[in-house]
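First the structure, then my questions, so here it is.
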Amino acid sequence: MSKATLKLDDKDIELPLITGSEGEQAIDIAQLRGQTGLITLDQGFVNTGSCQSAITFIDGENGILRYRGYPIEALAERSSFLEVAYLLIHGELPTQSQLDEFKHSITRHTMLHEDFRKFYGGFPKSAHPMAVVAATTAALSTFYPDSLDTDDPLEVEICTKRLLAKLPTIAAYAHKHSIGQPFMYPDNRLGYAANFLRMMFATPCEDYVVDEVIAKALDVLLILHADHEQNCSTSTVRVVGSSQANLFASISAGVSALWGPLHGGANQAVIEMLQHIEKEGISGREYLDKVKDKKSGIRLMGFGHRVYKNFDPRAKLIKKTCSDVLARLHEQTRLLDLAMEIEDIALRDEYFVERKLYPNVDFYSGIIYRAIGIPTEMFTVLFAIGRLPGWIAHWMEMHQQGFRISRPRQIYTGATERDITPIGQRG
Ligand code: CMC
């Protein structure tokens, strides 16, 4: 089948079918309005494909996630975050020399301009780090006007490396500012995750010895967050980029989109939910009863997904990493035990079974971050560091494919034309 036929009264409209490399099909409606005057309406883009992309494949029914064809499980076990970043951005896994070169150039860009630090002084200590990260990421464009030309591949490449290198530094500075400690410069002898941990937790008076097991666990978490096709923040990056906004501006918009509790902000919301349940002394079952009562307006955070109607494969891997990290740190497992209890009850409860609601990537990740000592408000920042290569890869793919400005239409439901009543006669 290469065409779909839409019947409108007695008229047949033929619409082309597009088939992806994994066999999924879409009806191409780009010419529909031209042919019929009709648009399609799909609030929340539940059934709308916005692009064709060769970066990430998700089969939500079967719980499959692959970056550039490689299963997420294999990448988590055998790869590193920077190798995955290279894969997403360049399309292929690097050779050893390509990886060495990539790592080296990212390492060389980790420092921020000294004047950049002054931005932090302008933010209240209580500012949410996602707001600080979004603002300072946009501010990178004020420091690097030499890499803003979206049509120059060399400038785009430099911009990409600056973002990958500097985002952990930006993020760690946001944390240090919030607690009033001096900023720690990056240490380029360390790996990507280890360097971030050191910038977060070392002080000029006391070094922080990075536990390689913890650094590896963080690296795996970053891999698992690295891309997820057309999610809210990635779509935001594409939409903003489609106006030919530069990469720094587009990524800053992605950070803002990620902040919301229905998206990346859910990892913070999960830990707050678990702490609330613990503090109130209620059982997992009682909390789930509240969630199921629609009048309560409460959702089980870390559960459900627009695409996965089966286990989120990332949640499975994170649950395992969670147990390993807690064991390594000899941490109490209270919150993990509570999360597992809730998962267990929910997966057997008719409400969740009927709606195909499973734990998502955010359900267990916060427990790991908390055990490592990362403050709750920084959880979503970690998600942003992980998602950065995906955002960049999608922005670049869009530019390589050629694009039109993103500009959806609407069905207008407001007042029809009317006269202005003089102000004294209104009321
Ligand atoms: N708790 C309770 N009920 C839920 C939940 C939940 N977490 N998620 C969905 N439902 C119910 C929802 O009330 C609706 O029920 P009904 O059909 O009776 O009205 C049904 O399931 C379908 O939900 P929906 O809101 O139409 O689904 P969606 O695809 O628009 O939303 C979601 C997806 C992720 C926003 C949603 O599942 C949710 O709010 N989850 C909690 C927040 C969360 O964990 N977000 C992280 C998502 S994964 C990582 C990321 O994207 O950043």
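Every number for a ligand or one of its atoms is a count from 1 in the order of the listing. Index from 1, following the sequence. The figures here come from the full heavy-atom set of this structure, side chains too, leaving out hydrogens, waters and symmetry mates. This one's a predicted model, so the numbers in the text were calculated from it and none came from an experiment.
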Could you pull out every N or O of ligand 1 that sits under 3.5 Å from a protein N or O, with the distance for each pair?
from     : atom 1 : to   : atom 2 : distance (Å)
ligand 1 : 1 (N)  : L300 : N      : 3.0
ligand 1 : 3 (N)  : Y351 : OH     : 2.8
ligand 1 : 7 (N)  : L300 : O      : 2.7
ligand 1 : 7 (N)  : F303 : O      : 2.9
ligand 1 : 13 (O) : K294 : NZ     : 2.7
ligand 1 : 13 (O) : R299 : NH2    : 3.4
ligand 1 : 15 (O) : K294 : NZ     : 2.9
ligand 1 : 15 (O) : R355 : NE     : 3.1
ligand 1 : 18 (O) : K294 : NZ     : 2.9
ligand 1 : 18 (O) : R355 : NE     : 3.1
ligand 1 : 18 (O) : R355 : NH2    : 2.9
ligand 1 : 19 (O) : K294 : NZ     : 3.4
ligand 1 : 25 (O) : R299 : NH1    : 3.0
ligand 1 : 25 (O) : R299 : NH2    : 3.0
ligand 1 : 29 (O) : R306 : NE     : 2.7
ligand 1 : 30 (O) : R306 : NH2    : 2.9
ligand 1 : 39 (O) : R299 : NH1    : 2.7
ligand 1 : 40 (N) : F303 : O      : 2.9
ligand 1 : 44 (O) : G302 : N      : 2.8
ligand 1 : 44 (O) : N360 : ND2    : 2.9
ligand 1 : 45 (N) : L262 : O      : 3.1
ligand 1 : 51 (O) : H263 : ND1    : 3.1
ligand 1 : 52 (O) : H263 : O      : 3.2
ligand 1 : 52 (O) : H263 : ND1    : 2.6
ligand 1 : 52 (O) : G264 : N      : 3.4

* Could you tell me if the ring centre of Y308 sits under 6.0 Å from that of Y358? =>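 Here the rings of Y358 and Y308 have centres that are no less than 6.0 Å from each other.
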
* **Listed once per pair and sorted, the ring pair (Phe, Tyr, Trp, His ring centres under 6.0 Å) pairs that draw on residues 61-93, sequence neighbours left out** =>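 Pairs touching residues 61-93 that pass the test: F81-Y192, Y86-H90, Y86-F102.
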
* Asked: From N360 CG over to I318 CD1, what is the distance, rounded to the nearest 0.5 angstrom?
  ->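 So the CG of N360 and the CD1 of I318 are separated by 9.0 Å.
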
* Would you call D349 and R285 a salt bridge, taking side-chain N to carboxylate O under 4.0 Å as the test? ->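 Salt bridge flag = yes for R285 with D349.
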
* Within the 6.0 Å centroid threshold, strictly below: Y120 and F183 ->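 Centroid separation for Y120 and F183: below 6.0 Å.
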
* Run the salt-bridge test on D337 and R334 with the 4.0 Å N-O cut-off and return the result as yes or no. =>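 A salt bridge is absent here (no side-chain N lies under 4.0 Å from a carboxylate O).
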
